[in-house]
Amino acid sequence: MRIDFTKMHGLGNDFVVLDGRTGALPPIDAAFAAALADRHTGIGCDQLIVLAPSDLGDFQMLIFNADGSQVEACGNATRAVGLLHGRPATIETLGGIVSTTPTDTGISVEMGKPRFGWQDIPLGYAMDTHAMPVAWEELVNPIAVNVGNPHAIFFVEDPYRIDMARLGPLVENDPIFPERVNVNVAAVTARDAITLRVWERGAGLTRACGTGACATAIGAMKRGLVDRKVTVTLPGGPLTIEWRGDDVIVMTGPATESFRGSFETADYGIPDKVPA
Ligand SMILES: N[C@H](CCC[C@H](N)C(=O)O)C(=O)O
């Protein structure tokens, strides 16, 4: 089965986007997603994004990490599909309804309201999520925030001196996080500025993480370290995050269409239909 795709990115966090809003797609499972995401044998991306019809919004966005895990939210991809859609949209995701608005400075996204309870993150048992009494070597006492997906945020002296390749997976896969977790290491550099690196659940170190920027900004605001509108600078570039008076997180930043192509499902060992 030949399938068209659009390759996109948000600050270097890259996606393969399959648009199933009009044409039929084969069933998408973890194996399909991991095959496409593989940078050696597949097309290569941090996340596979699948658009589908929706009864709750203009369309539904399914999000699969490079390891095939299906997840609730992806900020950079939300901006990307907002660009693709070309006009304001409400989008159904596993993490709730988000909405996009193209502006002259990029795509603005209402990402919903943050949650802070230990069961909301989720954690495996009751614990103070404002400063979790846990440590992984020099990463200590994170704040945990759910912005549709789970994040642990560590405030450190210099994020670029943290060995993310070693410490990221340790935190990501710790049993205290029954659904795993995205690992954020951040430094507050001013009342309106944060530097951030993210080890993503199911994808590893990425050039940018939109939900990570949202969660980190909210965490810094909860700790009184920054004001309610900040610029979060990731390796791939800056995002603006605002925590609005109605508790909704608003993220604004760029989105880019890289190229369009098509592939044959058989080339990736993908069956055109689920085996009976
Ligand atoms: N790895 C994340 C999903 C992608 C988030 C990131 N790409 C973003 O832009 O928000 C998770 O498992 O929750």
Side-chain angles (χ1 to χ4, degrees), residues 7-17 30 33-34 36-37 39 44-50 61-84 91 93-96 98-100 106-112 114-115 120-123 142 144-153 164 168-169 171-174 177-186 194 196-219 232-241 249-256:
K7 188 75 184 346
M8 305 191 79
H9 74 86
L11 298 177
N13 177 206
D14 65 344
F15 316 106
V16 169
V17 182
L36 282 191
R39 296 194 189 277
C45 59
D46 293 326
Q47 280 87 23
L48 170 65
I49 303 299
V50 181
M61 175 171 73
L62 306 176
I63 303 156
F64 298 85
N65 282 316
D67 69 355
S69 56
Q70 185 171 2
V71 292
E72 313 88 341
C74 183
N76 290 318
T78 306
R79 296 198 316 280
V81 300
L83 175 75
L84 208 57
I91 306 170
T93 70
L94 290 179
V98 294
S99 62
T100 59
I107 308 291
S108 187
V109 183
E110 293 190 7
M111 291 289 291
R115 293 181 295 152
D120 298 323
I121 302 306
L123 301 184
V145 182
N146 186 293
V147 291
N149 59 355
H151 289 264
I153 300 104
M164 296 293 270
V171 181
E172 173 194 0
N173 297 293
D174 193 292
F177 301 108
E179 293 180 15
R180 298 188 291 165
V181 77
N182 293 285
V183 186
N184 301 264
V185 291
I194 297 172
L196 174 64
R197 290 174 80 208
V198 187
W199 175 271
E200 285 195 34
R201 174 180 63 171
L205 201 58
T206 59
R207 297 277 301 147
C209 180
T211 50
C214 292
T216 298
I218 296 301
V232 179
T233 301
L234 296 124
L239 291 172
T240 300
I241 311 295
I249 306 165
V250 183
M251 167 187 61
T252 305
T256 307

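All ligand and atom numbering here is 1-based and tracks the order in the structure. Remember, predicted model here, so these are calculated numbers, not experimental data.
Results of the side-chain hydrogen bond (donor to acceptor under 3.5 Å, both in side chains) test with D14 over R207, K7, H9 single out K7 as the only residue that passes.
For atom 8 (C) of ligand 1, the choice among A66, G210, A73 with the nearest heavy atom turns out to be G210.
Put simply, no part of G202 is less than 4.0 Å from ligand 1, judged by heavy atoms. The shortest separation from a heavy atom of N13 to ligand 1 is under 4.0 Å, placing the residue in contact.
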Problem - V81 and I91: CA distance, side-chain angles, deciding distance, side chain to side chain contact (heavy atoms under 4.5 Å, CB included) verdict - result: CA-CA 9 Å; V81 300; I91 306 170; 3.7 Å; yes
Practice task
Start with the C-alpha distance between L11 and R79, add both sets of side-chain angles, then the distance that settles side chain to side chain contact (heavy atoms under 4.5 Å, CB included), and finish with yes or no.
Solution key: CA-CA 11 Å; L11 298 177; R79 296 198 316 280; 4.2 Å; yes
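T211 OG1, 2.6 Å is the protein heavy atom nearest to atom 10 (O) of ligand 1. In this structure, the protein non-hydrogen atom closest to atom 2 (C) of ligand 1 is N182 OD1, 3.2 Å.
Ionic pairing of R180 and E172 is present here: one or more N-O contacts between side-chain nitrogen and carboxylate oxygen are shorter than 4.0 angstrom. Between E72 and R201, at least one side-chain N (NZ, or NE/NH1/NH2) sits under 4.0 Å from a carboxylate O, which counts as a salt bridge.
Heavy-atom minimum distance, M164 versus P169: O-CD, 3.5 Å.
Proximity of I121 to R115: side-chain heavy atoms (C-beta onward) are nowhere separated by under 4.5 Å.
Counting heavy atoms under 4.0 Å from ligand 1, residue Q47 touches it through the side chain alone. Counting heavy atoms closer than 4.0 Å to ligand 1, residue N65 contributes side-chain atoms (C-beta onward) but none from N, CA, C or O. Within the 4.0 Å heavy-atom criterion, neither part of A203 lies near ligand 1.
Close N/O approach between N149 and ligand 1 is found [any backbone or side-chain N/O within under 3.5 Å].
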